[in-house]
A.B. asks: 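Here it is, the structure, as C-alpha cells.
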Amino acid sequence: MARENVLQGHPEAVASAFKAGLRRLATTVSLVTVNQDGGWGGMAATAVMPMCAEPPTLLVAVNRSASIHPFISERRHFCVNLLAQRHAELVSIFSGGAKGADRFKTGNWENGPGGLPILTDALARFICRTQTMVDVGSHTLLTALVEDVDMQGEVHPLLWIDGDLGAVMVASKVITS
C-alpha cells in the first residue's frame with residue numbers, strides 16, 4: 001500500500017521534516033579554510049562530498065552569510081580539512097565560538113600552498129581550486145578541482161549526526177602477501 005504524501009502543499013511542514021530527516025544523515029565534519037588578505041579564515045562544514053575521481057573534484061556548500069564566503073568567491077582557492085575525533089573542540093570554535101584569526105589558536109596549524117591554513121594532523125587535507133559556483137537558496141555550491149591531498153594517522157572520523165558530534169571506529173585492513 002502506497003504511503004499518502006500528507007506534507008504535499010505544506011512547504012513549512014516539508015522544510016521542517018527535511019531538516020529532521022537530514023539529522024539522520026551522518027557526515028564527516030570538515031573545516032574549510034582560506035587565506036584572507038594575508039590572514040586566515042575558516043568555517044566548520046558538513047556539506048562536503050566527493051563529486052568525481054576523474055578529475056578529482058569535491059562539491060562544497062558554503063553559506064553566503066559565512067565570513068569566508070567573499071574570500072572563497074574572490075580567490076577560488078581553499079583547503080578542506082577532514083576532522084578526526086581528536087579535533088572535536090575545533091567544531092564549536094569554527095562554528096562561531098571564536099572569530100577570525102582567533103579560530104586558529106587551537107589545533108596544529110601551518111601555512112600551506114598559497115598561504116592556506118592547513119591542519120597538520122587532519123585525517124585528510126584537500127587543497128582545492130574552485131571550478132564553478134552556483135547559488136542555491138542560502139548557499140553557494142562550489143565544484144572544486146583537488147590540486148593536492150595529504151593524509152595523517154588512523155581513520156577515526158569525527159561525524160555530525162542528529163545535531164551532535166559522533167564517532168565511528170573503522171577496522172584496519174591487514175594485507176598479507
Side-chain angles (χ1 to χ4, degrees), residues 25-53 55-133 139-161 163-170 172:
L25 177 64
T27 59
T28 301
V29 182
S30 302
L31 298 180
V32 177
T33 56
V34 296
N35 181 326
Q36 301 181 161
D37 296 326
W40 288 350
M43 65 171 223
T46 56
V48 175
M49 64 176 274
M51 202 170 153
C52 60
T57 306
L58 291 178
L59 179 65
V60 180
V62 178
N63 193 310
R64 285 194 302 282
S65 68
S67 61
I68 70 168
H69 188 275
F71 298 100
I72 286 179
S73 297
E74 178 185 315
R75 293 198 175 78
R76 304 172 78 90
H77 194 219
F78 60 95
C79 181
V80 174
N81 301 272
L82 299 185
L83 299 187
Q85 295 167 24
R86 64 184 169 271
H87 300 121
E89 69 180 318
L90 293 174
V91 177
S92 63
I93 291 169
F94 278 79
S95 297
K99 300 291 181 199
D102 288 342
R103 292 181 172 177
F104 298 91
K105 290 181 178 178
T106 304
N108 300 313
W109 296 95
E110 67 181 39
N111 268 318
L116 292 174
I118 60 171
L119 184 60
T120 60
D121 63 341
L123 283 180
R125 292 189 307 270
F126 302 94
I127 303 298
C128 300
R129 175 97 36 212
T130 302
Q131 298 298 299
T132 61
M133 298 172 58
H139 286 65
T140 297
L141 299 181
L142 311 168
T143 59
L145 183 64
V146 176
E147 297 178 335
D148 192 26
V149 180
D150 188 40
M151 295 170 280
Q152 301 294 319
E154 296 182 22
V155 180
H156 299 292
L158 183 63
L159 302 178
W160 186 255
I161 186 164
D164 205 352
L165 297 173
V168 64
M169 300 305 273
V170 178
S172 297

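In this text the structure is predicted, and so the values were computed from the model without any measurement.
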A.B. asks: Could you work out, with side chain to side chain contact (heavy atoms under 4.5 Å, CB included) as the rule, every residue matching E147, not counting sequence neighbours?
C.D. replies: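 Expected list: H77, I127, R129.
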
A.B. asks: What are the two closest non-hydrogen atoms of L31 and A44, and how far apart are they?
C.D. replies: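 Of all heavy-atom pairs spanning L31 and A44, the closest is CD2-CA, 3.8 Å.
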
A.B. asks: Going by ring pair (Phe, Tyr, Trp, His ring centres under 6.0 Å), name the pairs with one or both residues in residues 78-97, residues two or more places apart or in two chains.
C.D. replies: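 Pairs touching residues 78-97 that pass the test: F94-F104, F94-W109.
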
A.B. asks: Restricting to side-chain hydrogen bond (donor to acceptor under 3.5 Å, both in side chains), what partner residues turn up for T28, sequence neighbours left out?
C.D. replies: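 Once residues adjacent in sequence are excluded, T28 has no partner under the side-chain hydrogen bond (donor to acceptor under 3.5 Å, both in side chains) criterion.
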
A.B. asks: Over all heavy atoms of both residues, which pair between P117 and N35 is shortest? Give the atoms and the distance, please.
C.D. replies: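 Heavy atoms only, the tightest pair is CD-N, 4.2 Å.
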
A.B. asks: Run the numbers on H69 and T140 for side-chain contact (heavy atoms from CB on, under 4.5 Å), then give the verdict.
C.D. replies: CA-CA 8 Å; H69 188 275; T140 297; 2.8 Å; yes

A.B. asks: Which residues pass the side chain to side chain contact (heavy atoms under 4.5 Å, CB included) test with D150, sequence neighbours left out?
C.D. replies: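 Per chain and number, D150 pairs via side chain to side chain contact (heavy atoms under 4.5 Å, CB included) with R125, Q152.
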
A.B. asks: Which residues pass the side-chain hydrogen bond (donor to acceptor under 3.5 Å, both in side chains) test with T57, not counting sequence neighbours?
C.D. replies: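 side-chain hydrogen bond (donor to acceptor under 3.5 Å, both in side chains) list for T57, sorted by chain: empty.
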
A.B. asks: Considering only distance and modelled atom types, tabulate donor-acceptor pairs under 3.5 Å from the side chains of residues 60-68, sequence neighbours left out.
C.D. replies:
from: N63; atom 1: OD1; to: S65; atom 2: N; distance (Å): 2.8
from: N63; atom 1: OD1; to: S65; atom 2: OG; distance (Å): 2.9
from: R64; atom 1: NH1; to: G137; atom 2: O; distance (Å): 3.0
from: R64; atom 1: NH1; to: H139; atom 2: O; distance (Å): 2.8
from: R64; atom 1: NH2; to: G137; atom 2: O; distance (Å): 2.5

A.B. asks: Using the salt bridge (Lys or Arg N to Asp or Glu O under 4.0 Å) criterion, which residues pair with R76? Sequence neighbours excluded.
C.D. replies: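 Not a single residue meets the salt bridge (Lys or Arg N to Asp or Glu O under 4.0 Å) criterion with R76.
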
A.B. asks: How long is the straight-line distance from CD1 of I72 back to CE of M133, given to the nearest 0.5 Å?
C.D. replies: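 Atom-to-atom, M133:CE and I72:CD1 are 8.0 Å apart.
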
A.B. asks: Is there a side-chain contact between L123 and P157 in this structure, where contact means two heavy atoms from C-beta onward sitting under 4.5 Å apart?
C.D. replies: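 A side-chain contact under 4.5 Å exists here.
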
A.B. asks: In chain order, what residues pass the side-chain hydrogen bond (donor to acceptor under 3.5 Å, both in side chains) check against T132, with sequence neighbours excluded?
C.D. replies: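 By the side-chain hydrogen bond (donor to acceptor under 3.5 Å, both in side chains) rule, T132 matches T143.
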
A.B. asks: Can you list everything that forms a salt bridge (Lys or Arg N to Asp or Glu O under 4.0 Å) with E74? Sequence neighbours excluded, please.
C.D. replies: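 Counting only residues at least two positions away or on another chain, E74 forms no salt bridge (Lys or Arg N to Asp or Glu O under 4.0 Å).
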
A.B. asks: Apply side-chain hydrogen bond (donor to acceptor under 3.5 Å, both in side chains) to S92 and list each qualifying residue two or more places apart in sequence or on a separate chain.
C.D. replies: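 Applying side-chain hydrogen bond (donor to acceptor under 3.5 Å, both in side chains) to S92 gives none.
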
A.B. asks: For the CG atom of L159 and the CG atom of L83, what is their distance to the nearest 0.5 Å?
C.D. replies: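 It is 10.5 Å, given to the nearest 0.5 Å.
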
A.B. asks: For D148, which residues count as a salt bridge (Lys or Arg N to Asp or Glu O under 4.0 Å) partner, sequence neighbours excluded?
C.D. replies: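 For D148, no residue satisfies salt bridge (Lys or Arg N to Asp or Glu O under 4.0 Å) once neighbours in sequence are set aside.
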
A.B. asks: So, using side chain to side chain contact (heavy atoms under 4.5 Å, CB included) as the criterion, who are the partners of A98 when residues are at least two apart?
C.D. replies: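 Side chain to side chain contact (heavy atoms under 4.5 Å, CB included) list for A98, sorted by chain: I93, D102, R103.
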
A.B. asks: Is the closest side-chain heavy-atom distance between L58 and C128 below 4.5 Å?
C.D. replies: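 L58 vs C128: side chains touch.
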
A.B. asks: A side-chain contact here means heavy atoms from C-beta on lying under 4.5 Å apart; do I118 and T33 qualify?
C.D. replies: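 No, side chains not in contact.
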
A.B. asks: Roughly how far apart are L145 CG and Q131 CD, rounded to 0.5 Å?
C.D. replies: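 CD of Q131 is found 5.0 Å from CG of L145.
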
A.B. asks: I need the L90 CG to L119 CG distance, nearest 0.5 Å.
C.D. replies: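 With rounding to 0.5 Å, CG (L90) is 6.5 Å from CG (L119).
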
